[in-house]
Number of protein chains: 2
Amino acid sequence: MSDPARAANTPVKPVRPVRIDTMDAKDNSSSRRRATRAKLYEAAVTLIAEQGFSATTVDEIAERAGVAKGTVYYNFKSKSELFEELLRYGVGLLTASLQSAADETAERGGGKVEALDAMIRAGLVFIDRYPAFTQLYVAELWRTNRAWQSTLLVVRQQAVAVVETVLREAVESGELSEEIDIPLTAAALVGMVLVAALDWQSFQRERSLDDVHGALSLLLHGRVSGR
Amino acid sequence: MSDPARAANTPVKPVRPVRIDTMDAKDNSSSRRRATRAKLYEAAVTLIAEQGFSATTVDEIAERAGVAKGTVYYNFKSKSELFEELLRYGVGLLTASLQSAADETAERGGGKVEALDAMIRAGLVFIDRYPAFTQLYVAELWRTNRAWQSTLLVVRQQAVAVVETVLREAVESGELSEEIDIPLTAAALVGMVLVAALDWQSFQRERSLDDVHGALSLLLHGRVSGR
DNA sequence: ACTTTTGCACTGACTAGTCAGTCTAAAAGA
DNA sequence: TCTTTTAGACTGACTAGTCAGTGCAAAAGT
């Protein structure tokens, strides 16, 4: 309450063009519905990232999105359903972006390590574009006993699998040592990128994406030790 | 209500040695109080890790700890104060454990990279011992707009600083390349360990601590690429 | 010895408030 | 016409925090 930036609830015009332009799941629905859903995702992702799921009220989400509360329930069965939809869609975007980074490297005839490097960059670009989503994902991923636990598990596996595949190919082609433990290394790499990026966003805003990419790339290429 | 373990309010002898032996902040208080606080920390850390801060009720914490709700407020100003105390103490433990890993390596005459390796192991051991705390820490660290934001910032800096110091010494001694960006690399390393460990705990329970340590160590030593 | 007082630690019913989800009749789109 | 959205009042469950009171061990009083 008492939000000075309360200009948002004048719904005169549908509020500005909306950041997450691409963010909509069910494509079967009318464009009107899609637009409404997009506004709700956008509002929910920011609020939940900041405050957490339980601390965010449906009234807040509706107000921020500039729609009536009833509209939320016209479009989603419940608060958690809205949230799960959000998770599914967001990780879908991330996975697609990682995959296409890998594919493009392959098309250019690049090696597998080069592909990993491209994926690191793609991850950073994604986080740079959707910091709130990433925040929320990390905050919820390792919770147990939550309703959407199973959704998250599936969704995490999708993302990690992309990295595992490239690692596996890299070992087969001899680019990476056979010593490496693929599932563990994949998890570590994803974690490294995730946490480094969130830290960058939260505590080291002045660094550029290239700085961060450089630091991670150095680690990946094992040029940290020695000279 | 209806707690069969209601023997707790017979304070005949100062109650037994207490599980979380090391877990108490304010040492000025009576042993009875310390024991109660320990029980509350223990209960809170698990519940909050599982469900998040907002979704965890004070009644739940009290019930799990086997004390009355009023006792929570007798010992802590508020729900958030209990939580902040928990954070402060937990990160204190982690920092101390990282530091002593580094110190022991130095005493043994080991190099700085060896020290980093020992710190990775210490981190894993910590997470293995207090998985709930780690979960909770990661879930809350990057939230903005929360009451304990400043506590977290301080506490994060403590932990990262330990790693930064060793990295800096390693660069000075020529063990690590001058190319590396110390703050970013420190954050990335911490992240790598944190996420790899949580993933291990949540999704790859069958692996041993040594497996995980090995995978991370390989990354650190840059023996991933090449053969 | 014995009674009374003190103060700490804890108790749990209670208060005042919050929030997900529902419902309505009417308006706006398409 | 048929779908979608609106505004906002309402309900019932749930929850942070309060407070008058209890139990008890040690100290003080007699």
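Throughout, protein chains are lettered first and strands after them, A, B, ... in sequence-line order, and every chain is numbered starting at 1.
Remark: B/Thr36 is not in phosphate contact with C/dA9, judged by side-chain N or O atoms under 4.0 Å from OP1 or OP2. Regarding contacts with the backbone of C/dC10, a side-chain N or O of B/Asn75 is found under 4.0 angstrom from either OP1 or OP2. Here B/Arg32 does not reach the OP1 or OP2 of C/dA9: none of its side-chain N or O atoms lies under 4.0 Å away. Between B/Thr71 and the phosphate of C/dA9, there is no side-chain N or O to OP1/OP2 separation shorter than 4.0 Å.
Salt-bridge formation is detected for the pair A/Asp210/A/Arg121: a Lys NZ or Arg NE/NH1/NH2 atom is positioned less than 4.0 Å from an Asp or Glu carboxylate oxygen.
Rounded to a whole Å, the CD atom of B/Glu81 is 14 Å from the C1' atom of D/dG17. Between A/Glu63 atom CD and D/dT6 atom C1' there is a gap of 15 Å when expressed in whole angstrom units. For the pair B/Phe76 CZ and D/dG17 P, the interatomic distance rounds to 13 Å; values are reported in whole Å. The nearest whole Å value for the distance from the NZ atom in B/Lys39 to the P atom in C/dA9 is 14 Å.
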Short heteroatom pairs, N/O only, protein and nucleotides 19-22 of chain C, under 3.5 Å:
from   : atom 1 : to      : atom 2 : distance (Å)
C/dA20 : OP1    : A/Thr56 : O      : 3.4
C/dA20 : OP1    : A/Lys79 : NZ     : 3.1
C/dA20 : OP2    : A/Val58 : N      : 2.9
C/dA20 : N7     : A/Lys69 : NZ     : 3.3
C/dG21 : OP2    : A/Tyr73 : OH     : 3.0
C/dG21 : OP2    : A/Lys79 : N      : 3.1
C/dG21 : N7     : A/Lys69 : NZ     : 2.8
C/dG21 : O6     : A/Lys69 : NZ     : 2.8

Would you give me the side-chain donor-acceptor pairs under 3.5 Å for residues 152-164 of chain A, sequence neighbours excluded?
from     : atom 1 : to       : atom 2 : distance (Å)
A/Arg156 : NH1    : B/Asp199 : OD2    : 2.0

For this session: Tell me, with the steps shown, if A/Glu42 and A/Lys39 meet salt bridge (charged side-chain N to carboxylate O under 4.0 Å, His left out).
Result: CA-CA 5 Å; A/Glu42 165 70 11; A/Lys39 281 194 287 183; over 6 Å; no
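Between B/Phe76 and B/Tyr41, the distance from one ring center to the other falls under 6.0 angstrom. Separation of the A/Phe53 and A/Phe83 ring centroids falls under the 6.0 Å cut-off.
Within the 4.0 angstrom heavy-atom criterion, only backbone atoms of the sugar-phosphate kind lie near A/Val67; the bases stay farther away.
Residues passing the ring-ring contact (aromatic ring centres under 6.0 Å, His included) test with B/Phe126 are B/Tyr130, sequence neighbours excluded.
Distance from the side chain of A/Tyr74 is smallest for D/dT3 among the nucleotides D/dT3, D/dT6, C/dT11.
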